[in-house]
Colleague: 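Below is the structure I would like to discuss, written out as structure tokens.
Here is the naming used below: chain letters follow the sequence lines, and residue numbers restart at 1 for every chain.
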Protein chains: 2
Amino acid sequence: MALEHAILVSLLEKPGSGYELARRFERSIGYFWTATHQQIYRVLKRMEGDGLLAVREVAQEGRPDKKEYSVAGPGRAALSQWLHEPIEPESLRHDLAVKIRGAAFDDPAAVLREVERHRRVHSDRLAHYLAGELRDFTGPAAPAPLDTGQELQHVVLRGGIAYERMTIAWLDDVLATIHRLSTGSPTTDDH
Amino acid sequence: MALEHAILVSLLEKPGSGYELARRFERSIGYFWTATHQQIYRVLKRMEGDGLLAVREVAQEGRPDKKEYSVAGPGRAALSQWLHEPIEPESLRHDLAVKIRGAAFDDPAAVLREVERHRRVHSDRLAHYLAGELRDFTGPAAPAPLDTGQELQHVVLRGGIAYERMTIAWLDDVLATIHRLSTGSPTTDDH
DNA sequence: TCCTTCTATGCAACTCGTTGCATAGCCAAG
DNA sequence: CTTGGCTATGCAACGAGTTGCATAGAAGGA
């Protein structure tokens with residue numbers, strides 16, 4: 001049910017339409033949670049029905065009307081309650097790791113190419129996050145005294161950056177390991 | 001559909017029952033993929049029906065009979081095909097990050113306690129992974145010349161270790177940030 | 001002019017994953 | 001002797017998430 005809470009946080013940071021939320025989920029919120037527009041529209045409707053959100057129809061020029069959602073009293077209460085409940089620390093779900101272990105039973109070259117491709121994607125993401133950090137938090141154009149909300153957004157972004165750096169380093173380790181196994185002396189140990 | 005493939009890899013490494021698979025998913029495979037026994041039993045049944053797996057009833061003494069699954073020809077082919085297909089690099093899904101951003105709109109102390117609790121869990125996991133590494137790969141009792149499968153299992157485990165270390169360091173950053181915001185110079189209003 | 005892209009919302013069908021419950025024999029601790 | 005834990009399998013119901021499709025006006029390029 002964390003999608004509901006992610007929406008509450010995002011709408012508290014700034015009210016917006018389903019479409020705008022979907023775009024935020026591709027950007028800042030997307031550092032740690034993903035959602036498609038279908039999911040978002042469905043959940044928004046449910047949350048409105050439950051009285052957690054308020055809607056306002058906004059007519060626009062040159063583009064379709066939109067429904068701007070904002071957090072109502074019960075929505076804020078629901079978020080507060082969730083913040084006080086313990087949640088399960090979650091575990092990784094990384095299919096690439098499944099592929100890597102699967103390489104022992106198939107052509108390792110195919111897996112190698114896949115690992116290289118993933119490395120490029122993570123490298124691009126890192127560059128994107130670093131650009132965002134410079135723009136919003138550490139660059140000259142960023143607001144100098146950050147408020148609480150911005151500081152917390154920054155620390156979450158630093159988490160995304162750390163994750164990408166760790167992943168890239170690990171994928172380098174994976175590449176080196178597969179190379180060693182296929183070209184180098186078979187069955188030497190490293191450490 | 002990666003659960004199917006994770007099961008194929010695990011059964012290629014060693015055939016076993018649904019129950020045994022469920023326990024592996026709490027251990028080694030669980031470093032990067034989780035699954036409950038319900039899911040596993042359901043998927044095993046489907047895979048057997050699709051001809052990917054072979055079953056063998058095994059009578060045991062002092063405990064219930066079990067069904068030992070192993071990978072059949074079509075199962076191996078299905079894995080091979082998947083290994084040659086590109087997959088989407090996945091993104092994080094971290095509800096703790098939602099909570100951290102949510103702390104701007106509620107009592108930060110509650111979130112602080114939650115972060116500390118998660119830090120302990122990740123710390124325990126790291127210790128557990130390191131013990132496993134020593135036991136299976138780097139310790140004196142480990143088989144000295146590791147084979148390909150073991151080397152690949154090791155590099156995946158190193159990924160789990162790197163993930164836990166990164167996460168712990170990040171949570172320390174989060175703790176320091178929240179402390180700074182609440183005790184240090186109160187720069188202010190959030191909302 | 002047509003084709004694509006962007007804004008904006010939504011339905012329907014499906015698969016994936018979780019939670020609660022049920023069975024059943026064995027073993028060990030209190 | 002009863003309670004709880006371990007091995008071992010499974011059903012049913014629900015909620016979460018994905019994929020394909022549909023609508024519709026405005027803007028901009030080939």
Side-chain angles (χ1 to χ4, degrees), chain A residues 1-8 15-27 29-30 32-50 52-53 55-69 78 82 85 87-95 98, chain B residues 1-7 15-27 29-30 32-50 53 55-69 82 87-95 98:
Chain A
M1 282 252 185
L3 177 55
E4 280 198 12
H5 304 110
I7 287 175
L8 287 171
S17 69
Y19 187 82
E20 284 161 357
L21 277 172
R23 296 188 60 218
R24 290 185 211 170
F25 274 87
E26 286 166 8
R27 288 174 43 77
I29 307 277
F32 51 83
W33 203 269
T34 58
T36 59
H37 75 272
Q38 276 78 355
Q39 244 181 299
I40 291 167
Y41 284 124
R42 204 197 304 157
V43 173
L44 280 175
K45 191 156 281 186
R46 188 182 67 214
M47 291 171 77
E48 193 212 330
D50 293 346
L52 306 180
L53 301 179
V55 207
R56 198 168 59 94
E57 291 268 350
V58 177
Q60 299 184 114
E61 289 190 10
R63 38 179 77 178
D65 296 356
K66 68 175 181 178
K67 297 183 183 173
E68 195 183 73
Y69 289 89
W82 179 69
E85 279 166 14
I87 50 171
E88 274 298 291
E90 53 225 282
S91 314
L92 281 179
R93 281 258 167 128
H94 213 124
D95 4 23
V98 179
Chain B
M1 282 251 181
L3 177 55
E4 278 198 14
H5 304 111
I7 287 175
S17 68
Y19 187 83
E20 284 162 358
L21 278 172
R23 294 188 62 218
R24 290 185 210 170
F25 274 88
E26 285 167 8
R27 286 174 44 75
I29 309 275
F32 50 83
W33 202 268
T34 57
T36 59
H37 75 271
Q38 276 78 355
Q39 244 182 300
I40 290 168
Y41 283 123
R42 203 196 305 159
V43 172
L44 280 175
K45 192 155 279 187
R46 188 181 68 214
M47 290 171 78
E48 191 211 331
D50 293 347
L53 301 180
V55 208
R56 199 168 59 94
E57 291 267 350
V58 178
Q60 300 185 116
E61 291 190 9
R63 38 178 79 178
D65 297 356
K66 66 175 183 179
K67 297 183 183 172
E68 194 183 73
Y69 289 90
W82 178 68
I87 51 172
E88 275 296 294
E90 52 226 279
S91 313
L92 282 179
R93 281 256 168 131
H94 213 122
D95 5 23
V98 179

Colleague: B/Glu26 has an atom CD; how far is it from atom P of D/dC6, in whole Å?
Modeller: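 Value for this atom pair: 11 Å.
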Colleague: Rounded to the nearest 0.5 Å, what separation is found between the CD1 atom of A/Ile40 and the CG atom of A/Leu21?
Modeller: 6.0 Å
Colleague: Over all strands shown, is B/Gln38 touching base, sugar-phosphate only, or nothing at heavy-atom distances under 4.0 angstrom?
Modeller: base
Colleague: Picking from D/dA8, D/dG17, C/dG17, which would you name as closest to the side chain of A/Trp33?
Modeller: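 Closest nucleotide among those given: D/dG17.
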Colleague: Taking the minimum atom-to-atom distance to the side chain of B/Thr36, which one of C/dT7, C/dT19, C/dT9 wins?
Modeller: C/dT19
Colleague: Taking only the side-chain heavy atoms of A/Arg93 (C-beta and beyond), determine which of D/dT18, C/dG17, C/dT7 contains the nearest atom.
Modeller: C/dG17
Colleague: Measuring to OP1 and OP2 of D/dG10, would you say a side-chain N or O of B/Lys45 lies under 4.0 angstrom away?
Modeller: yes
Colleague: I need the CD-P distance between A/Glu90 and C/dG17, as an integer number of Å.
Modeller: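 Distance check: A/Glu90 CD to C/dG17 P gives 15 Å.
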Colleague: Between P on C/dA8 and CD on A/Glu68, what's the gap in Å once rounded to a whole number?
Modeller: 11 Å
Colleague: What distance separates A/Met47 CE from A/Arg42 CZ, expressed to the nearest 0.5 Å?
Modeller: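 Result: 14.0 Å between the selected atoms.
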Colleague: Could you grab the distance from atom CG of B/Leu44 to atom NE2 of B/His37, nearest 0.5 Å is fine?
Modeller: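 Rounded to the nearest 0.5 Å, the CG-NE2 separation comes to 12.0 Å.
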Colleague: Within the pair A/Tyr19 and C/dT7, is there a side-chain N or O less than 4.0 Å away from OP1 or OP2?
Modeller: yes
Colleague: Taking the side chain as everything from C-beta on, heavy atoms only, tell me whether B/Trp33 gets closer than 4.5 Å to A/Asp95.
Modeller: yes
Colleague: Would you mind reading off the distance between A/Arg24 atom CZ and C/dA8 atom P, rounded to a whole angstrom?
Modeller: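 Distance check: A/Arg24 CZ to C/dA8 P gives 12 Å.
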Colleague: Counting side-chain heavy atoms from C-beta on, which of D/dA13, D/dT9, D/dG17 comes nearest to B/Ser17?
Modeller: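 Nearest to the side chain of B/Ser17 among the choices is D/dT9.
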Colleague: Are any of A/Tyr41's side-chain N or O atoms less than 4.0 Å away from OP1 or OP2 of C/dT9?
Modeller: yes
Colleague: Where the side chain of B/Pro64 is concerned, which of D/dA8, C/dG10, D/dT18 is the nearest nucleotide?
Modeller: D/dA8
Colleague: Please pick, from D/dT7, D/dA8, D/dT18, the nucleotide with the shortest atom-to-atom distance to any side-chain atom of A/Gln39.
Modeller: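 Of all the options, the side chain of A/Gln39 is nearest to D/dT18.
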Colleague: Does a nitrogen or oxygen in the side chain of A/Arg46 sit under 4.0 Å from OP1 or OP2 of C/dG10?
Modeller: no
Colleague: Distance check needed: C/dG10 C1' versus A/Tyr69 OH, whole Å only.
Modeller: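 It is 11 Å, rounded to the nearest whole Å.
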Colleague: Within this structure, what is the CZ-to-C1' distance between B/Arg63 and D/dG5, rounded to whole angstrom?
Modeller: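 Rounded to the whole Å, the gap is 13 Å.
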Colleague: Checking A/Lys67 against A/Glu48 for the salt bridge (Lys or Arg N to Asp or Glu O under 4.0 Å) test, could you report, in this order, the C-alpha distance in whole Å, the side-chain angles of both residues, the deciding distance, and whether it holds?
Modeller: CA-CA 11 Å; A/Lys67 297 183 183 173; A/Glu48 193 212 330; 5.9 Å; no
Colleague: In whole angstroms, how far is the P atom of D/dA16 from the CG atom of A/Leu44?
Modeller: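 It is 14 Å, rounded to the nearest whole Å.
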Colleague: Nearest-Å distance, CE (A/Met47) to P (D/dG15)?
Modeller: 16 Å
Colleague: Hey, does the side chain of B/Lys66 come within less than 4.0 Å of D/dT9's phosphate (OP1/OP2), counting only N and O?
Modeller: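 No, because none of the side-chain N or O atoms of B/Lys66 sits under 4.0 Å from OP1 or OP2 of D/dT9.
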Colleague: Using heavy atoms to find the nearest nucleotide of DNA chain D for A/His37 and B/Asp65 separately, return the residue whose nucleotide is more 5′.
Modeller: B/Asp65
Colleague: Please tell me which of the listed nucleotides, C/dT18, D/dT18, C/dA8, lies nearest to the side chain of B/Arg42?
Modeller: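 From the listed options, C/dT18 comes nearest.
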Colleague: If you round to the nearest 0.5 Å, how far is CD of A/Glu4 from CG of A/Asp50?
Modeller: 7.0 Å
